[in-house]
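Take a look at the following structure, please.
A, B, ... follow the sequence lines: proteins, then strands. Residue 1 opens every chain.
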Amino acid sequence: MPELPEVETTRRGLAPHVCGATVTGVVVRNRALRQPVTRNLARILSGRRIDALERRAKYLLFRAGDGSLIVHLGMSGRLWLVNANTPPARHDHFDLAFGNGRIVRLRDPRRFGLVLWHRGDPLMHKLLREIGPEPLSAALTAEWLYRQTRTRSGAIKNALMDSHLVAGVGNIYANEALFRARINPKLPARRIGLARYAVLVDKIRETLTEAIEAGGSSLRDYVNSAGEAGFFQNRFFVYGRGGDACLTCTTPIRGFVLGQRATFYCPRCQR
DNA sequence: CTTTTGACCTGACAGC
DNA sequence: TGCTGTCAGGTCAAAA
């Protein structure tokens, strides 16, 4: 479900309600996520104050004293605020309750998400340590992408979705950014020069920024922390538009599978 | 080292 | 109605 814009939208919605708030309770209804939910979370978290809610790639980091709660939404996860009297539904696996009467609730039907406590710096956690530069910060540069791809013969779209190269770019936004940069998703990453990488970095930022401003993309089930849908899906140039006319040149958008993921591009605009 | 494949899991939908 | 097959926004480990 969520790529960087959806996670960031969630973070922005939750932050005002959880930052400075004290955890009063934790409910784990199903520990069987992608990795088992950390044991004894209620004991670890109760009485702690959330100092900050941050995002790194698609991970949410609830910083709390000498450790952090790391939450990932996987493919189908959503995290939103409910009142203390809201009964849990079928796939509501995890609750973080606060003294202000509000609960942050995780619903994740496919259970590819994560809820992990990490003592110390969460950025040093095994799953986060090796992640590449954040695309919305100055850390991502054309030079970085250029240098890192000199030995990569694989398709640029697969490279973009490699979290060690760039953080947070998933299938939808890889497709959309490549369209905007006019780069064919199949093009071997090593055959792209510095100038084109500069355009690509620019278009990745532009796409992600617009998506965040639109509240993310709601395809099946994504909603923000208040339960509202995003509307960036109405502004896709290529994703899910196979057979439809390119919005720039009217050539039919082509859809195929690349690296086990649905891929869409305009064969005329993208070379 | 890079690249590909399979695995994890449920729900929605198309087609018969 | 109900069955079967396919697909879905992520990511990792293992194999090639």
Side-chain angles (χ1 to χ4, degrees), chain A residues 1-10 29-37 55-60 70-79 89-94 106-116 125-132 135 145 147-178 185-191 204 207-208 211-212 214-224 229-236 238-242 255-264:
Chain A
M1 166 215 358
E3 296 184 37
L4 186 153
E6 291 74 38
V7 178
E8 178 61 18
T9 303
T10 299
R29 297 184 192 83
N30 188 349
R31 286 188 3 109
L33 302 187
R34 194 173 106 216
Q35 287 180 25
V37 174
R55 179 189 56 74
R56 171 78 171 114
K58 296 168 192 161
Y59 293 89
L60 286 167
I70 300 173
V71 177
H72 194 284
L73 302 178
M75 283 281 260
S76 59
R78 64 159 84 159
L79 200 58
R90 184 155 153 66
H91 297 291
D92 292 346
H93 308 309
F94 173 77
L106 174 72
R107 177 176 299 174
D108 184 8
R110 295 179 71 182
R111 290 190 273 116
F112 290 164
L114 292 171
V115 176
L116 300 171
H125 188 280
K126 182 179 185 261
L127 295 173
L128 284 86
R129 207 172 23 196
E130 313 265 299
I131 290 177
L145 286 185
R147 255 184 273 123
Q148 294 298 313
T149 52
R150 289 314 84 195
T151 57
R152 296 182 71 130
S153 55
I156 180 59
K157 175 160 176 276
N158 293 156
L160 272 192
M161 292 176 64
D162 179 347
S163 63
H164 299 291
L165 259 193
V166 201
V169 178
N171 196 38
I172 290 179
Y173 299 102
N175 277 295
E176 293 297 314
L178 286 168
K186 283 180 288 199
L187 193 61
R190 66 189 303 174
R191 303 224 350 245
I204 291 169
T207 306
L208 296 176
I212 291 168
S217 302
S218 293
L219 295 189
R220 272 153 284 279
D221 46 16
Y222 172 74
V223 293
N224 67 15
F231 50 88
F232 192 70
Q233 66 278 7
N234 301 322
R235 299 192 5 214
F236 290 167
V238 289
Y239 184 82
R241 297 193 64 243
F256 69 108
V257 174
L258 176 65
Q260 300 177 313
R261 309 306 296 274
T263 303
F264 303 91

Quiz item: Closest to the A/Asn171 side chain: B/dC9, C/dG10, B/dT3?
Solution: C/dG10
Self-check item: Residues forming a salt bridge (Lys or Arg N to Asp or Glu O under 4.0 Å) with A/Arg56, sequence neighbours excluded
Solution: A/Glu134
Quiz item: Can you check the A/Phe236 CZ to C/dA8 C1' distance for me, whole Å?
Solution: 13 Å
Quiz prompt | Gap between atoms CG and P, on A/Asp108 and B/dC8 respectively (whole Å) | solution = 16 Å
Exercise. Using the closest heavy atom to pick a nucleotide of DNA chain B for each, name whichever of A/Gln148 or A/Arg110 lands nearer the 5' end.
Key: A/Gln148
Quiz item: For the side chain of A/Glu8 and the backbone of A/Ile212, is there at least one donor-acceptor N/O pair under 3.5 Å apart?
Solution: no
Quiz item: For A/Tyr239, which contact category applies under a 4.0 Å heavy-atom criterion: base, sugar-phosphate, or nothing?
Solution: sugar-phosphate
Practice problem: Under the side chain to side chain contact (heavy atoms under 4.5 Å, CB included) rule, what do A/Ile131 and A/Tyr59 come out as? Steps first, then yes or no, please. | Solution: CA-CA 11 Å; A/Ile131 290 177; A/Tyr59 293 89; 3.8 Å; yes
Quiz item: Hey, is A/Phe112 stacking on B/dC8? Ring centres under 5.5 Å, planes under 30°.
Solution: yes
Practice problem: Would you please confirm or rule out a distance under 4.0 Å between OP1 or OP2 of B/dT10 and any side-chain N or O of A/Ser76? | Solution: no
Exercise. Any chance you could lay out the side chain to side chain contact (heavy atoms under 4.5 Å, CB included) test for A/Leu165 and A/Thr149, step after step, and finish with the verdict?
Key: CA-CA 9 Å; A/Leu165 259 193; A/Thr149 52; 4.0 Å; yes
Self-check item: Residues which pass side-chain hydrogen bond (donor to acceptor under 3.5 Å, both in side chains) with A/Lys157, listed by chain and number, not counting sequence neighbours
Solution: A/Asn171, A/Thr263
Quiz item: Roughly how far, to the nearest 0.5 Å, is CG of A/Asp92 from CG of A/Leu106?
Solution: 8.0 Å
Quiz item: Among B/dT2, B/dG11, B/dC9, which is the nearest nucleotide to the side chain of A/Arg152?
Solution: B/dT2
Quiz item: For DNA chain B, what is the dot-bracket line, given that a base pair needs Watson-Crick (N1 to N3, plus N6-O4 or O6-N4) or G-U wobble (N1-O2 and O6-N3) geometry with both distances under 3.5 Å, and | means paired with another strand?
Solution: .|||||||.|||||||
Quiz item: What's the closest nucleotide to the A/Glu3 side chain, out of B/dT2, B/dT10, C/dG10?
Solution: C/dG10
Self-check item: Out of B/dG11, B/dC9, B/dT3, whichever nucleotide has its closest atom nearest the side chain of A/Arg111
Solution: B/dC9
Quiz prompt | Between B/dC8 (P) and A/Leu114 (CG): distance, integer Å | solution = 16 Å
Quiz item: Atom CG of A/Leu219 to atom C1' of C/dC7: distance rounded to whole Å?
Solution: 13 Å
Quiz item: What's the NE2-C1' distance between A/His91 and C/dA8, to the nearest Å?
Solution: 15 Å
Self-check item: Separation between CG of A/Leu33 and CZ of A/Arg110, rounded to the nearest 0.5 Å
Solution: 13.5 Å
Quiz item: Starting at CG of A/Leu258 and ending at P of C/dA8, how long is that distance when rounded to a whole Å?
Solution: 13 Å
Quiz prompt | Partner residues of A/Arg190 under the salt bridge (Lys or Arg N to Asp or Glu O under 4.0 Å) criterion, sequence neighbours left out | solution = none
Quiz item: Roughly how many Å is it from CZ in A/Arg55 to P in C/dG10, rounded to a whole number?
Solution: 14 Å
Quiz item: How would you label the contact of A/Ala262 with the nucleic acid (heavy atoms, under 4.0 Å): base, sugar-phosphate, or nothing?
Solution: sugar-phosphate
Quiz item: Over how many whole Å does the gap from A/Lys157 atom NZ to B/dT4 atom C1' extend?
Solution: 15 Å
Exercise. For A/Arg191, enumerate each residue passing the salt bridge (Lys or Arg N to Asp or Glu O under 4.0 Å) test, keeping only those at least two apart in sequence or located in another chain.
Key: none
Exercise. Heavy atoms under 4.0 Å is the rule here; annotate nucleotides 11-16 of chain C 5' to 3' with B where the base is hit, S where only the sugar-phosphate is, and - elsewhere.
Key: BSS---
Exercise. Hey, could you give me the CG/CZ distance between A/Leu145 and A/Arg152, rounded to the nearest 0.5 Å?
Key: 10.0 Å
Quiz item: Looking only at atom P, what distance separates C/dC3 and B/dC9, rounded to whole Å?
Solution: 23 Å
